[in-house]
Participant: 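What follows is a structure written as C-alpha cells; I'll ask about it next.
All heavy atoms count here, side chains included; hydrogens, waters and symmetry mates do not.
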Amino acid sequence: MPSRAAVFLDRDGVINRLIYHQDAGIVDSPFTLSQFKVLPKVPRAIRLINDLGLRVVIVSNQPGIAKKHFRQNMLAEVEGKMLASLKPAGAKIDAIYYCLHHPHAEVKSLRKRCECRKPGIGMFTAAARDLDVSLTNSYMVGDGLTDIEAGARAGCTTILVGRWKCEQCQFIDPPELRPDFCAEDLWEAANVIKRDFAQRSVGGLCNMSA
Ligand SMILES: [Mg+2]
Ligand SMILES: [Zn+2]
C-alpha cells in the first residue's frame with residue numbers, strides 16, 4: 001500500500017495568472033511566454049508543501065496546441081520560466097502531467113475524447129502509479145469546477161481557489177463533488193493543507209498507540 005501523498009495542482013489560475021485575450025474576448029491560459037507570470041506567494045506556498053513532505057504534482061489541461069493557440073515548444077519554455085521563478089524560494093515540483101487533447105481540436109492527432117482531460121482522472125492515476133502515492137491521502141487544488149470534480153472523483157481532498165468561485169459550488173451536482181475547502185489563493189490553500197495534514201498525523205499517532 002502506498003502511503004506517500006501528493007498535492008495535485010492545476011496550473012493556470014493557481015500557479016500563474018489567467019490572461020484576458022482581447023482579440024478573442026476570452027479569459028484563458030497564457031499563449032506566449034511573456035504572458036506567463038507566476039502569481040505572488042506561489043513559490044512560498046509550494047515550498048511549504050515541499051516541507052510537509054508531500055509530493056507536488058501539476059495536472060493541467062493544455063489544449064492550446066490542439067487549438068493552434070501556441071506551438072509545441074511553448075509548454076517546455078513555460079516550464080523553464082516557472083521552475084526558475086520557484087527556485088529562489090527553494091520550491092520544487094516533483095512531476096508535471098499535461099492533457100494535450102481536445103474533443104474539437106483543430107490538430108487532428110490531438111482530437112480525442114480521452115481519459116486524461118479533467119474532469120477525467122487519467123493524470124491522477126498515472127501520477128499515483130509513477131510516484132507511488134495514495135490518491136485518498138492526497139489533495140487537489142484548482143480554480144475550476146472541473147479540477148474539483150476530477151480531484152473528488154480521484155478520491156482526493158479538494159480545495160477550490162479564487163476570490164468568488166465558491167459561489168459556484170452550489171451548482172456542482174452531485175453535491176459529493178463539491179470542494180472540501182475554499183481558499184483565496186495557493187498560499188492560503190497550502191496553509192489549509194498544513195492544518196488538515198497535521199490533524200491526520202495526530203490521528204495516525206493515536207491509532208498507533210491504541
Ligand atoms: Mg485553472
Ligand atoms: Zn487527454
Side-chain angles (χ1 to χ4, degrees), residues 6-19 21 26-39 42-43 45-46 49-50 54-86 91-105 107 109-131 133 135 138-154 156 158-162 165 179 183 185-186 189-190 193:
V7 177
F8 292 98
L9 301 178
D10 172 44
R11 198 195 76 181
D12 301 317
V14 173
I15 292 178
N16 55 282
R17 261 176 228 294
L18 293 171
I19 300 294
H21 297 278
I26 50 167
V27 175
D28 203 336
S29 315
F31 293 170
T32 65
L33 191 59
S34 62
Q35 287 174 345
F36 182 88
K37 290 200 174 77
V38 169
L39 288 160
V42 162
I46 292 177
I49 300 166
N50 293 146
L54 295 160
R55 304 285 169 274
V56 177
V57 181
I58 295 176
V59 285
S60 178
N61 290 351
Q62 289 294 337
I65 299 165
K67 293 179 178 175
K68 295 191 173 170
H69 286 156
F70 50 79
R71 53 199 199 295
Q72 189 87 42
N73 54 352
M74 166 69 178
L75 286 177
E77 288 172 16
V78 158
E79 244 175 71
K81 188 171 178 180
M82 176 174 69
L83 297 178
S85 309
L86 301 181
K92 79 178 196 17
I93 305 286
D94 293 285
I96 304 179
Y97 295 84
Y98 299 115
C99 166
L100 302 182
H101 310 113
H102 193 275
H104 311 295
V107 178
S109 59
L110 296 173
R111 192 183 307 151
K112 189 178 164 186
R113 288 191 191 281
C114 59
E115 265 305 297
C116 40
R117 183 172 166 79
K118 294 174 287 184
I121 63 166
M123 293 189 282
F124 295 78
T125 51
R129 195 178 52 232
D130 297 347
L131 303 173
V133 297
L135 292 176
S138 296
Y139 299 85
M140 170 64 194
V141 183
D143 71 325
L145 300 186
T146 51
D147 298 320
I148 299 309
E149 191 181 334
R153 288 169 64 193
C156 303
T158 56
I159 306 171
L160 182 68
V161 298
K165 288 203 168 165
D185 54 19
L186 184 57
I193 291 168

Participant: Could you report the tightest heavy-atom contact between N61 and C116, atom names first, then the distance?
Facilitator: OD1-O, 4.1 Å
Participant: Could you measure the distance from the CD1 atom of I159 to the CZ atom of F8? Nearest 0.5 Å is fine.
Facilitator: 13.0 Å
Participant: Quick one: does R153's side chain have a donor or acceptor within less than 3.5 Å of a partner on P119's backbone?
Facilitator: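 Confirmed, R153 side chain pairs with P119 backbone.
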Participant: About how many Å separate CD1 of I65 and CG of L100, when rounded to the nearest 0.5 Å?
Facilitator: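 Here the interatomic distance stands at 5.0 Å.
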Participant: Under 3.5 Å, side chain of Q35 to main-chain N/O of F31, donor-acceptor pair present?
Facilitator: yes
Participant: Is D94 reaching over with its side chain to a backbone N or O of V57, donor-acceptor style, under 3.5 angstrom?
Facilitator: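 Answer holds: no.
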Participant: Taking the side chain as every heavy atom from C-beta outward, state whether R55 and S138 have any atom pair closer than 4.5 Å.
Facilitator: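 No. Closest side-chain heavy atoms not under 4.5 Å.
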Participant: Looking at every heavy atom in both V133 and A127, which two are closest together, and how far apart are they?
Facilitator: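 Looks like CG2-O, 4.2 Å.
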Participant: Starting at CZ of F36, measure out to CG of D12 and round the result to the nearest 0.5 Å.
Facilitator: 7.5 Å
Participant: Output, in order, the C-alpha distance, side-chain angles, deciding distance and verdict of side chain to side chain contact (heavy atoms under 4.5 Å, CB included) for I49 and Y139.
Facilitator: CA-CA 11 Å; I49 300 166; Y139 299 85; over 6 Å; no
Participant: Can you list the steps and then say if E77 with R71 is a salt bridge (Lys or Arg N to Asp or Glu O under 4.0 Å)?
Facilitator: CA-CA 11 Å; E77 288 172 16; R71 53 199 199 295; 3.4 Å; yes
Participant: Looking only at non-hydrogen atoms, find the nearest pair between A190 and A45 and report the distance.
Facilitator: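 Where A190 meets A45 most closely, the heavy atoms are CB-O, 3.7 Å.
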Participant: Working to the nearest 0.5 Å, report the span between CD of Q62 and CG of L75.
Facilitator: 5.5 Å
Participant: Identify the heavy atoms of L83 and I93 that sit nearest to each other, and give their distance.
Facilitator: CD2-CG1, 3.8 Å
Participant: Would you find a donor on one side and an acceptor on the other, under 3.5 Å apart, between the side chain of N50 and the backbone of K92?
Facilitator: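 Such a contact is found between N50 side chain and K92 backbone.
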Participant: Between K118 (side chain) and M123 (backbone), is there a donor-acceptor pair under 3.5 Å?
Facilitator: no
Participant: To the nearest 0.5 Å, what is the distance between CD1 on I58 and CE on M82?
Facilitator: 3.5 Å
Participant: Between M140 and V59, does a side chain to side chain contact (heavy atoms under 4.5 Å, CB included) hold up when you go through it step by step?
Facilitator: CA-CA 9 Å; M140 170 64 194; V59 285; 4.0 Å; yes
Participant: May I ask you to decide if S29's main-chain N or O and H21's side chain share a donor-acceptor pair within less than 3.5 Å?
Facilitator: yes
Participant: So which heavy atom on D143 is nearest to which on V14, and how close?
Facilitator: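 D143 and V14 have their closest heavy atoms at N-CG2, 3.7 Å.
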Participant: Please report the closest heavy-atom contact between C114 and H101, naming both atoms and the distance.
Facilitator: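 Heavy-atom minimum between the residues: SG-ND1, 3.3 Å.
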Participant: Are the side chains of T125 and E115 in contact, using a 4.5 Å heavy-atom criterion?
Facilitator: no
Participant: Measure the NZ-NE2 distance between K112 and H104 for me, rounded to the nearest 0.5 Å.
Facilitator: 15.5 Å
Participant: Give the intermediate values and the outcome of side chain to side chain contact (heavy atoms under 4.5 Å, CB included) for residues I46 and L186.
Facilitator: CA-CA 8 Å; I46 292 177; L186 184 57; 4.0 Å; yes
Participant: Evaluate whether atom NZ of K67 has more than 12 neighbouring non-hydrogen atoms of other residues, nucleotides or ligands under 6.0 angstrom away.
Facilitator: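 More than 12 heavy atoms, drawn from other residues, nucleotides or ligands, come within 6.0 Å of this atom.
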Participant: Using the side chain to side chain contact (heavy atoms under 4.5 Å, CB included) rule, take L39 and N16 through it: C-alpha gap first, then chi angles, then the decisive distance, then the call.
Facilitator: CA-CA 5 Å; L39 288 160; N16 55 282; 5.6 Å; no
